[in-house]
Amino acid sequence: QYRQILEEPGAEVGDAVSYVTLAIGTGKNEEAYTAATTAVITWPDSARAFEMLGWAASETNRDDEARTALQKALELDPTLSSAKERLGKL
């Protein structure tokens, strides 16, 4: 289902953020991780996409990948306080 959302013409990174947030909120962490992985491929310059990947990776016990993704998010947008918070929790 996430592929349909992310592959729609005109899909935006905000759509992926919403999906990942919903998936994690309902305990579908692997789905969130897959969607976040797709998001960083689709939007490789998006700090929010990398933040979502970091969050989803953390929720699926991929802490090294989470750290790398969150660091990339902060490289893209050093003011992204939510990514700083997530990184601090690892």
Side-chain angles (χ1 to χ4, degrees):
Q1 181 177 356
Y2 72 89
R3 286 187 183 169
Q4 291 173 331
I5 294 168
L6 299 182
E7 292 177 0
E8 287 290 319
E12 298 180 1
V13 71
D15 299 322
V17 169
S18 296
Y19 183 86
V20 169
T21 301
L22 178 64
I24 290 174
T26 57
K28 297 178 181 176
N29 297 341
E30 285 296 332
E31 284 185 35
Y33 176 78
T34 302
T37 300
T38 300
V40 298
I41 292 167
T42 305
W43 298 284
D45 297 324
S46 170
R48 291 301 310 274
F50 278 95
E51 179 189 9
M52 291 299 100
L53 178 58
W55 183 23
S58 173
E59 293 295 323
T60 56
N61 300 312
R62 295 172 170 100
D63 291 344
D64 289 341
E65 186 175 353
R67 189 171 290 104
T68 299
L70 291 167
Q71 288 170 339
K72 177 67 174 178
L74 291 170
E75 177 184 313
L76 292 167
D77 183 355
T79 67
L80 192 58
S81 60
S82 52
K84 288 178 189 177
E85 291 172 19
R86 291 186 200 288
L87 186 58
K89 292 178 182 179
L90 288 176

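Along the sequence shown, residues carry numbers from 1. The structure presented is a predicted model; accordingly, all values stated were derived computationally and were not measured.
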TODO: Output, in order, the C-alpha distance, side-chain angles, deciding distance and verdict of side-chain contact (heavy atoms from CB on, under 4.5 Å) for Met52 and Thr21.
DONE: CA-CA 8 Å; Met52 291 299 100; Thr21 301; 4.2 Å; yes

In Å, rounded to the nearest 0.5 Å, how long is the span from [atom1] of [X] to [atom2] of [Y]?
X	Y	atom1	atom2	result
Thr68	Glu75	OG1	CD	11.0 Å
Asn29	Arg62	CG	CZ	10.0 Å
Arg86	Glu59	CZ	CD	8.5 Å

Any idea which heavy atoms bring [X] and [Y] closest together, and the distance?
X	Y	answer
Ala39	Ala16	CB-CB, 3.7 Å
Leu74	Leu87	CD1-CD2, 3.9 Å
Leu90	Leu70	CD1-CD1, 3.9 Å
Thr79	Asp77	OG1-OD1, 2.5 Å
Val40	Thr37	CG2-O, 3.2 Å
Tyr19	Ala35	CD2-CB, 3.6 Å

Open item on the list: Looking at Glu65 and Lys72, is any side-chain nitrogen of the basic one under 4.0 Å from a carboxylate oxygen of the acidic one?
Closed with: no

Open item on the list: With a 4.5 Å cut-off on side-chain heavy-atom distances among I, L, V, M, F, W and Y, is there a chain of contacts connecting Ile24 to Leu53?
Closed with: no

- [ ] Compute whether any side-chain donor of one residue and acceptor of the other, for Ser46 and Arg48, lie under 3.5 angstrom apart.
- [x] no

- [ ] Could you check Ser18 against Val20 for side-chain contact (heavy atoms from CB on, under 4.5 Å), going step by step and ending with a plain yes or no?
- [x] CA-CA 6 Å; Ser18 296; Val20 169; over 6 Å; no

TODO: List the steps and the verdict of side-chain hydrogen bond (donor to acceptor under 3.5 Å, both in side chains) for Glu51 and Ser82.
DONE: CA-CA 8 Å; Glu51 179 189 9; Ser82 52; 2.7 Å; yes

TODO: Would you confirm whether Ser58, through its side chain, and Gly54, through its main-chain N or O, come within 3.5 Å as a donor-acceptor pair?
DONE: no

Open item on the list: With a 3.5 Å distance limit and no angle check, can you tell me whether Asp15 reaches the backbone of Glu12 through a side-chain donor-acceptor pair?
Closed with: yes

TODO: With sequence neighbours excluded, tell me which residues meet salt bridge (Lys or Arg N to Asp or Glu O under 4.0 Å) with Asp64.
DONE: Arg67

Task: Non-neighbouring partners of Lys28 that pass salt bridge (Lys or Arg N to Asp or Glu O under 4.0 Å), sequence neighbours left out - done: none

